[in-house]
Amino acid sequence: MEVKVHSSFIHSPIAGFKGKKFIAFGCKGEDLVKMLGIDKDYCFLMINGRLGHMDYLLKDGDKVEIFPVIIGG
């Protein structure tokens with residue numbers, strides 16, 4: 001699975017990470033962001049070019065991009 005983290009997640013040790021990530025069978029999107037040290041409430045996923053859900057069961061060959069949620073006021 002390929003993973004790309006967009007922008008900077010201040011509290012994440014992998015800010016700007018781009019590369020391959022090996023995950024266990026049965027891993028969901030929320031498990032991936034947790035492994036990367038990102039709070040799932042502050043990001044969203046694009047999986048294979050489409051908006052993804054945290055409960056999506058990741059598969060071999062998926063391309064996952066993680067974006068920060070931007071809040072303005």
Side-chain angles (χ1 to χ4, degrees):
M1 176 181 59
E2 292 181 39
V3 178
K4 183 174 183 181
V5 178
H6 290 272
S7 190
S8 294
F9 286 89
I10 296 169
H11 301 293
S12 175
I14 52 82
F17 173 83
K18 181 179 180 181
K20 295 190 183 285
K21 188 78 174 160
F22 296 97
I23 58 166
F25 178 76
C27 185
K28 295 180 181 179
E30 66 184 312
D31 300 323
L32 174 64
V33 296
K34 184 177 180 180
M35 281 191 297
L36 295 174
I38 300 171
D39 188 328
K40 71 176 186 167
D41 294 330
Y42 297 103
C43 68
F44 68 94
L45 305 176
M46 294 291 289
I47 302 171
N48 301 321
R50 303 185 118 178
L51 183 60
H53 297 280
M54 291 294 174
D55 61 349
Y56 174 82
L57 192 60
L58 297 166
K59 301 181 298 270
D60 188 35
D62 281 341
K63 292 184 180 180
V64 180
E65 296 182 73
I66 304 172
F67 291 88
V69 173
I70 299 174
I71 301 170

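Each residue takes its place number in the sequence, starting with 1. Quick caveat, the model's predicted, so the values are computed rather than measured.
With Leu58 as the partner, the side chain to side chain contact (heavy atoms under 4.5 Å, CB included) test is satisfied by one option alone out of Val3, Ile47, Asp31: Ile47.
Note that CZ of Phe67 is 10.5 Å distant from CG of Leu51, once rounded to the nearest 0.5 Å. Between Cys27 atom SG and Lys34 atom NZ the span is 11.0 Å, to the nearest 0.5 Å. Rounded to the nearest 0.5 Å, atoms CE (Met46) and NZ (Lys63) are 13.5 Å apart. To the nearest 0.5 Å, atoms CD1 (Ile66) and NZ (Lys40) are separated by 13.5 Å.
Within a 6.0 Å sphere centred on CG of Asp60, heavy atoms belonging to other residues, nucleotides or ligands number 12 at most.
Between the side chain of Asp62 and the backbone N or O of Val64, no donor-acceptor pair lies under 3.5 Å.
Residues Leu45 and His53 approach most closely at CD1-O, 4.0 Å, considering heavy atoms.
Each of Leu57 and Phe44 belongs to its own hydrophobic cluster when Ile, Leu, Val, Met, Phe, Trp and Tyr are linked at side-chain heavy-atom distances under 4.5 angstrom.
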